[in-house]
Amino acid sequence: MTGLLVVALLLGLGFGVAAVSGVLQRSGLVDDVRTRSGPLTVQSQQLYRALSDADATAATAFLSGGIETPAASRRYQKDIAAASKALATTAGSGGADADAVEQLTTQLPVYTGLVETARVYNRQGLPLGAAYLREASGLMREKLLPAAQRLYRAETAQLADDRDGAALFPFVAVPLGLLLLAGLVVGQVWLTRRTNRLVNPGLLAASVAAVLGLLWLTVSWGALAADLRDGETHGSAQVQTFAQARLLALQARADESLTLVARGNGASFERDFQRRMTDLVGRDGKGGLLGAAYDGADADMRRALDGAVADVAAWRGAHRQVRALDDGGRYPEAVDLAIGAEKGSAATAFGALDDRLGGAIDAANGRSGRAADAADGTQTGAAVGLGLLTVVVVVGAAVGIQRRAAEYR
């Protein structure tokens with residue numbers, strides 16, 4: 001009986017410690033998803049997007065001739081401010097890619113300086129402004145955007161690690177719980193045969209507590225894993241798809257504008273534009289990144305994808321007209337069609353696409369955040385509850401066996 005008591009106490013304490021520590025660890029990782037790696041992934045995504053939009057806006061504003069429009073100037077300044085804020089947030093996290101942060105920190109002022117120099121020359125009507133703008137865009141594409149992409153990938157990988165760690169099956173606690181339950185059952189059967197007592201209240205209470213503990217542990221883990229899986233499938237995965245599509249669109253918009261800025265020397269930018277369009281929707285307008293995203297997409301995502309594909313088709317049609325006008329020597333009309341606000345312009349089609357993709361990203365980020373909150377809720381009270389059930393197991397086993405042992409003294 002003393003040996004049975006020792007085994008029951010060791011298994012009970014082992015199960016309790018493993019279960020409570022596992023719950024605390026999962027809760028910590030879920031909290032990281034909610035308050036650290038999740039928000040930092042959003043910030044790094046916003047950094048990448050803000051830089052891309054700043055490059056596209058600067059190139060587009062340059063086409064207006066002389067002084068850029070107030071709306072374009074405000075959008076550019078807003079992008080730079082958003083990029084600086086996102087960079088400060090990710091850099092302050094302590095876990096960001098140090099090389100990427102350093103490159104962004106040192107090169108972003110250089111980029112803004114080149115853009116301002118290009119604006120000065122453009123206002124004076126000097127062609128040197130276009131050269132400075134191309135240099136600024138080259139710096140953005142060769143150094144700033146690759147660094148921002150590395151930062152985004154690092155934060156995304158950390159988010160995946162936190163989510164996978166939180167959803168990991170409790171391989172230690174569950175086997176210990178099953179051994180505990182089996183030991184309690186075997187002990188009660190042995191005591192019944194040894195003492196001719198059918199029911200041992202203490203061991204019965206311990207067994208019920210062990211069953212409840214196992215159920216609580218497995219059900220709470222299952223709910224947590226399901227919520228995190230939903231947040232990944234219908235949240236983070238969709239964010240990555242739409243964010244990548246939005247970045248391709250922004251870079252294509254910059255290529256479109258730089259082709260016109262080059263005034264006959266923009267063949268390389270036009271090739272980049274066509275390549276990005278192919279990456280986005282394929283040569284036939286039904287493939288590419290957006291086409292591949294239909295597999296496994298839910299109804300909301302499919303509607304957003306349908307709208308995005310239609311926006312890209314409208315943009316490509318407007319772009320063909322822009323190129324026809326520019327190649328035909330009607331440069332002012334080509335610029336008007338590229339940056340004008342009228343229906344059917346390239347700017348209108350791009351704006352609709354950008355707004356649609358931005359709304360889809362916000363919706364997917366919201367779903368991911370809600371899933372993380374729901375996962376956190378599944379662990380509410382679990383550590384305390386499992387701790388109390390462990391106490392019941394230990395006390396019940398001790399009292400039940402001690403009473404039977406006392407009868408033989």
Side-chain angles (χ1 to χ4, degrees), residues 1-34 161-229 372 374-409:
M1 290 184 185
T2 300
L4 177 62
L5 175 60
V6 171
V7 171
L9 292 180
L10 289 176
L11 288 175
L13 289 173
F15 169 70
V17 170
V20 172
S21 61
V23 167
L24 293 177
Q25 184 180 23
R26 284 192 292 276
S27 296
L29 289 172
V30 171
D31 190 61
D32 284 343
V33 171
R34 293 174 56 246
D161 289 343
D162 290 342
R163 184 186 287 120
D164 291 343
L168 190 65
F169 182 79
F171 288 104
V172 177
V174 170
L176 281 175
L178 293 174
L179 283 174
L180 170 64
L181 188 58
L184 290 172
V185 172
V186 170
Q188 289 179 82
V189 171
W190 181 81
L191 281 175
T192 297
R193 292 175 178 177
R194 187 75 174 85
T195 64
N196 293 322
R197 302 286 185 88
L198 183 62
V199 177
N200 186 305
L203 289 178
L204 180 60
S207 300
V208 172
V211 171
L212 291 176
L214 267 173
L215 287 175
W216 195 336
L217 178 64
T218 53
V219 170
S220 64
W221 166 80
L224 178 146
D227 286 331
L228 291 180
R229 186 166 53 251
D376 184 62
T378 63
Q379 304 302 295
T380 301
V384 175
L386 289 170
L388 292 175
L389 289 173
T390 300
V391 172
V392 174
V393 169
V394 171
V395 173
V399 171
I401 296 174
Q402 284 286 6
R403 285 184 176 179
R404 291 293 179 263
E407 295 173 357
Y408 290 87
R409 293 174 182 169

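- The heavy-atom pair separating L5 from A397 by the smallest distance is CD1-O, 3.9 Å.
- Taken from CG in D32 to CG in D161, the straight-line distance is 11.5 Å, to the nearest 0.5 Å.
- A372 approaches V33 most closely through the heavy-atom pair CB-CG1, 4.0 Å.
- Between the side chain of W221 and the main chain of L168, a donor-acceptor pair closer than 3.5 Å is present.
- For A19 against L386, the heavy-atom pair with the smallest separation is CB-CD1, 3.9 Å.
- Counting only distance, with no hydrogens or angles, the side chain of Q188 and the backbone of L184 share a donor-acceptor pair below 3.5 Å.
- In this structure, CG in L176 is found 12.5 Å from CG in L181, a value given to the nearest 0.5 Å.
- From L203, atom CG reaches atom CD1 of I401 across 5.0 Å, with rounding to the nearest 0.5 Å.
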Test Q379 against V30 for side-chain contact (heavy atoms from CB on, under 4.5 Å), laying out the working first.
CA-CA 9 Å; Q379 304 302 295; V30 171; 5.6 Å; no
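- Closest approach of T390 to G12, counting heavy atoms only: CG2-O, 3.5 Å.
- A distance of 10.5 Å separates CG in L215 from OG in S220, rounded to the nearest 0.5 Å.
- Summarising the geometry of A383 relative to V20, their closest heavy-atom pair is O-CG2, 3.7 Å, with the distance given to 0.1 Å.
- Within the 4.5 Å cutoff, the side chain of V393 has no heavy atoms near those of the F15 side chain.
- Checked against side-chain contact (heavy atoms from CB on, under 4.5 Å), A205 has no partners two or more places apart in sequence or in another chain.
- The minimum heavy-atom distance linking V392 with A209 is given by the pair CG1-CB, 3.6 Å.
- How far CG of L388 is from CG of L212: 12.0 Å, rounded to the nearest 0.5 Å.
- The CZ atom of R26 sits 7.0 Å away from the CG atom of L224 when rounded to the nearest 0.5 Å.
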Output, in order, the C-alpha distance, side-chain angles, deciding distance and verdict of side-chain contact (heavy atoms from CB on, under 4.5 Å) for L191 and L4.
CA-CA 10 Å; L191 281 175; L4 177 62; 4.2 Å; yes
